[in-house]
Amino acid sequence: MTNTEIATLLRNVAAAYTIKDERKFRFQIIAYQKAADAIENSTSEVKDLLLENKLELLPGIGHSIRQHLEELIKTGKVKHFNWVMDGIPASVFPLLDVPSFGPKKAHKLVAEFKLKDPKNVISDLEKIAKQNKIASLEGFGAKSQEDILQAISEYKKGRAKTKRMVLPYASELAQKVLAYLKTSNAVIQAHPLGSLRRMVSTVGDIDFAVATNFPDEVIKHFIDYPYKDRVIEQGSQTASILISGGKQIDLMVQPPDAFGSLLQHFTGSKRHNIHLREFALKKRLSLSEYGIKKAKHKTIQKYDTEEKFYKAIGLAWIPPEMREDKGEIELAAQNKLPKLVELKDIMGDLHIHSNYPIEPSHDMGKNTMEDMLKKAESLGYNYLGFSEHNPSVSKHTSSQIYSILSRRKDKIEQLNESNKYVRVINLLELDILASGKVAIDEKSLSVIDAVIVSIHSNFSMNKEEMTKRVLEGLSNPKAKILAHPTGRLLNQRAGYELDFDKIFEFCIKNNKALEINAWPTRLDLPDSLVFEAIKKGVKFVINTDSHSTWQMDMMKYGVSVARRGWATKSDILNSLPYNEFVKWLKS
DNA sequence: GCCGTTTTCGGCCCGACTGTTTTCAGTCG
């Protein structure tokens, strides 16, 4: 069973508890949801964690749930879960994926109309709604029947599972909406928040906070957005619209003197906020988007900035990328937050594909080396590493490869003589073949300063084989960086499986670095693994993998991954000055 | 059911919005 499947199962147990007796099982419900979150966010498979006796290290997994999961892995079922779910038709659970359907509503409809087929329950319910049978039900009415049809129709179009947006796409969309929002005079300040502000690798909804003294006017302006499909809801503080493509935009407003608490609230994450509020409660403080209430006092203290809001709880301001409830609140309380790496710390980009005729087996760059260098200069870099793919092995003899790379070496030396500002480094992106061998021989490698190794073929090997393959490739003395370590492509394919404990250990021992590939559909190594690696002391290089000059601007997305992994400047090797970087490269 | 720099027992975030109600239940973030 995959982690996703286990998380779904735990959420279904929580739903079953909710149906049985929400009040009585209130805390079990929260516990199971929290456990589901933990497993979904885990970088290791439950099966492996059980074997290593580490499952209870996940936050929210204690003795009971660990035992249940052990039973699940061993026997494929859990007696206790069956007991909780006893009497609840299986057809309740698929309905939970439909927007606006929770456990109570799903169960009531399934029970009332005896919907027994989990596979067709959604279409069956749609038919019943169309036959006008729901409106007369107690607790329902004509409007809710209509809403159910709307929700099912949008679900079928894919709203619920619409692919999350990659960051630049979400960013661009947010900028369009932001520009529109600002056309209202009532808007004093407006910011995109939520997962976009935290720079999560993919974004679902887009959230906005607006500071205004005229909330009604701002809400009205927002729901009049010309590209909206429909208004989901609209109140005095918040509103939500759906725009074409099934994307949801949420808005919250506050007066300027309470804008700080709104920024904090709407940036999230949900888990960070819950933990923050629990932390504050111990100090007899109650937090909300309105501000802070002291125990026994009815008045709310307002905060116009986030810094003041966090300070009032006794905390240092926490960078949005860290707000994922991974221990940042405790560190902020001790004023021990790490100073995260910043874009301006980056001194060079080492994964650059020019159009130099290297005759590779994979894609070439579109611009000349000179163009790429000019771009590097404009970005203020001190060095740039060319790392085109190795010459195709099937189309060349090894002596042909040697002469191609020798000519390229001469070219790079010329560039270094003619270019004053940016030092050029002679690298290569080198395939690790299925056997673990690298694609070109030692003689050809002798004309290269160092190589970035990566996997571009035979993705379907199992975890053990793939780990062995990568470690063997990385063992080559010239290999210093492992590029896009998981091979994932967001919204397209999962990465191959690797034993990252082993990879991390190997890198530390042998002075190798992992890449954070900044290309927005890669963002690879993923932030959760960067977090684990940084804790252990693995070093990183942040690269754009650019095939055109404009792509070199994507560096900021790689930096955001590093920041989400709590990397400081000293964890990132390409923040080093040229001499020190090259010293590492050749070590 | 989980958890601990006030606790191994006694807590567990906080509020908005909608539809169906006549004070609230359900869902969402």
Side-chain angles (χ1 to χ4, degrees), chain A residues 10 13-15 17-19 22-38 56-69 80-81 84 95-96 98-109 134-148 150-151 160 193-195 204-207 209 215 219 231-240 248-254 261-262 264-293 300 313-314 325 329-330 333-334:
Chain A
L10 294 176
V13 172
Y17 268 132
T18 310
I19 292 162
E22 188 175 18
R23 210 174 257 199
K24 181 175 168 192
F25 297 118
R26 186 175 157 206
F27 297 111
Q28 279 87 343
I29 293 164
I30 294 170
Y32 273 87
Q33 285 167 341
K34 208 173 172 191
D37 283 347
E56 275 181 66
L57 295 180
L58 293 184
I61 304 224
H63 184 68
S64 299
I65 293 184
R66 195 218 79 212
Q67 281 201 322
H68 294 326
L69 292 181
H80 178 70
F81 293 178
V84 178
L95 282 174
L96 301 178
V98 180
S100 83
F101 275 73
K104 300 274 185 75
K105 189 156 126 185
H107 182 247
K108 190 161 184 186
L109 291 166
I134 293 178
S136 54
L137 226 58
E138 198 193 335
F140 291 80
K143 184 65 171 69
S144 44
Q145 178 171 278
E146 206 179 293
D147 291 346
I148 286 171
Q150 171 88 262
L193 302 175
S195 50
D205 302 342
I206 296 197
D207 304 316
I219 301 262
V231 177
I232 295 171
E233 60 181 35
Q234 168 196 2
S236 61
Q237 316 287 326
T238 73
S240 296
Q248 184 174 331
I249 320 266
D250 297 329
L251 175 76
M252 293 186 89
V253 298
Q254 281 292 318
S261 51
L262 178 60
Q264 196 291 314
H265 168 77
F266 218 14
T267 297
S269 64
K270 185 181 172 180
R271 287 168 50 172
H272 173 84
N273 283 0
I274 290 175
H275 190 162
L276 192 70
R277 288 166 181 190
E278 284 170 350
F279 178 86
L281 268 183
K282 289 176 191 158
K283 302 187 171 192
R284 322 271 290 156
L285 301 171
S286 171
L287 314 181
S288 75
E289 62 266 43
Y290 294 99
I292 301 180
K293 265 190 288 196
I300 290 186
I313 320 164
D325 192 23
I329 291 170
E330 287 72 14
Q334 303 163 43

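The chains referred to below are lettered A, B, ... by the order of the sequence lines, with proteins before strands, and numbering in each begins at 1.
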Sticking with atom [atom1], work out how far [N] lies from [M], rounded to a whole angstrom.
N: B/dC9; M: B/dC14; atom1: P; answer: 25 Å
N: B/dG1; M: B/dT6; atom1: P; answer: 28 Å
N: B/dC13; M: B/dT20; atom1: C1'; answer: 27 Å
N: B/dC12; M: B/dT7; atom1: C1'; answer: 13 Å
N: B/dC17; M: B/dT23; atom1: P; answer: 23 Å
N: B/dG11; M: B/dA16; atom1: C1'; answer: 26 Å

TODO: For A/Leu137, enumerate each residue passing the side chain to side chain contact (heavy atoms under 4.5 Å, CB included) test, keeping only those at least two apart in sequence or located in another chain.
DONE: A/Leu109, A/Glu112, A/Phe113, A/Phe140

Task: Sequence-distant partners of A/Gln33, side chain to side chain contact (heavy atoms under 4.5 Å, CB included), two or more places apart - done: A/Ala14, A/Ile29

TODO: Scan residues 272-283 of chain A for pairs that pass side-chain hydrogen bond (donor to acceptor under 3.5 Å, both in side chains), counting only residues two or more places apart or in two chains.
DONE: A/Gln264-A/Asn273, A/His265-A/Arg277, A/His272-A/Tyr310, A/His272-A/Glu328, A/His275-A/Asp325, A/His275-A/Glu330

TODO: Report the glycosidic orientation of B/dT7: syn if within 90° of 0, anti in every other case.
DONE: syn

- [ ] May I ask which nucleotide in the shown strands pairs with B/dT27, Watson-Crick or G-U wobble, both distances under 3.5 Å?
- [x] B/dA16

Expected rows: protein N/O vs nucleotides 2-5 of chain B N/O, under 3.5 Å:
unit_1 : atom_1 : unit_2  : atom_2 : d
B/dC2  : OP1    : A/Gly62 : N      : 2.7
B/dC2  : OP1    : A/Gly62 : O      : 3.4
B/dC2  : OP1    : A/Ile65 : N      : 3.2
B/dC2  : OP2    : A/Ser64 : N      : 3.4
B/dC3  : OP1    : A/Gly60 : N      : 2.7

Open item on the list: Considering every strand and a 4.0 Å limit on heavy-atom distances, what is the contact class for A/Phe25: base, sugar-phosphate, or nothing?
Closed with: nothing

TODO: Name the nucleic acid region contacted by A/His107, choosing base, sugar-phosphate or nothing; use a 4.0 angstrom heavy-atom cut-off, strictly under.
DONE: nothing

Task: Contact check, side chains of A/Tyr32 and A/His68, non-hydrogen atoms, under 4.5 Å - done: yes

Task: A/Val84 vs A/Phe81 side-chain heavy atoms within contact, under 4.5 Å - done: no

- [ ] Measure the CG-CG distance between A/Leu193 and A/Asp205 for me, rounded to the nearest 0.5 Å.
- [x] 13.0 Å

Open item on the list: If I take atom CD1 from residue A/Ile274 and atom NZ from residue A/Lys34, how far apart are they, to the nearest 0.5 angstrom?
Closed with: 8.0 Å

[atom1] of [X] versus [atom2] of [N]: gap in Å, rounded?
X: A/Ile29; N: B/dT27; atom1: CD1; atom2: P; answer: 11 Å
X: A/Lys108; N: B/dT27; atom1: NZ; atom2: P; answer: 11 Å
X: A/Arg23; N: B/dG1; atom1: CZ; atom2: C1'; answer: 20 Å
X: A/Leu95; N: B/dG26; atom1: CG; atom2: C1'; answer: 15 Å

TODO: Evaluate whether atom CD of A/Glu138 has more than 12 neighbouring non-hydrogen atoms of other residues, nucleotides or ligands under 6.0 angstrom away.
DONE: no

Task: Sequence-aligned protein contact record of nucleotides 13-21 of chain B, with B where the base is within under 4.0 Å of a protein heavy atom and S where only the sugar-phosphate is - done: BBSSSSSSS

Task: For A/Tyr290, ring pair (Phe, Tyr, Trp, His ring centres under 6.0 Å) partners two or more places apart - done: none

Task: Which atom of A/Pro215 lies closest to which atom of A/Val253, heavy atoms considered - done: CB-CG2, 3.7 Å

Open item on the list: Less than 4.0 angstrom between a side-chain N/O of A/Lys105 and OP1 or OP2 of B/dG26, yes or no?
Closed with: no

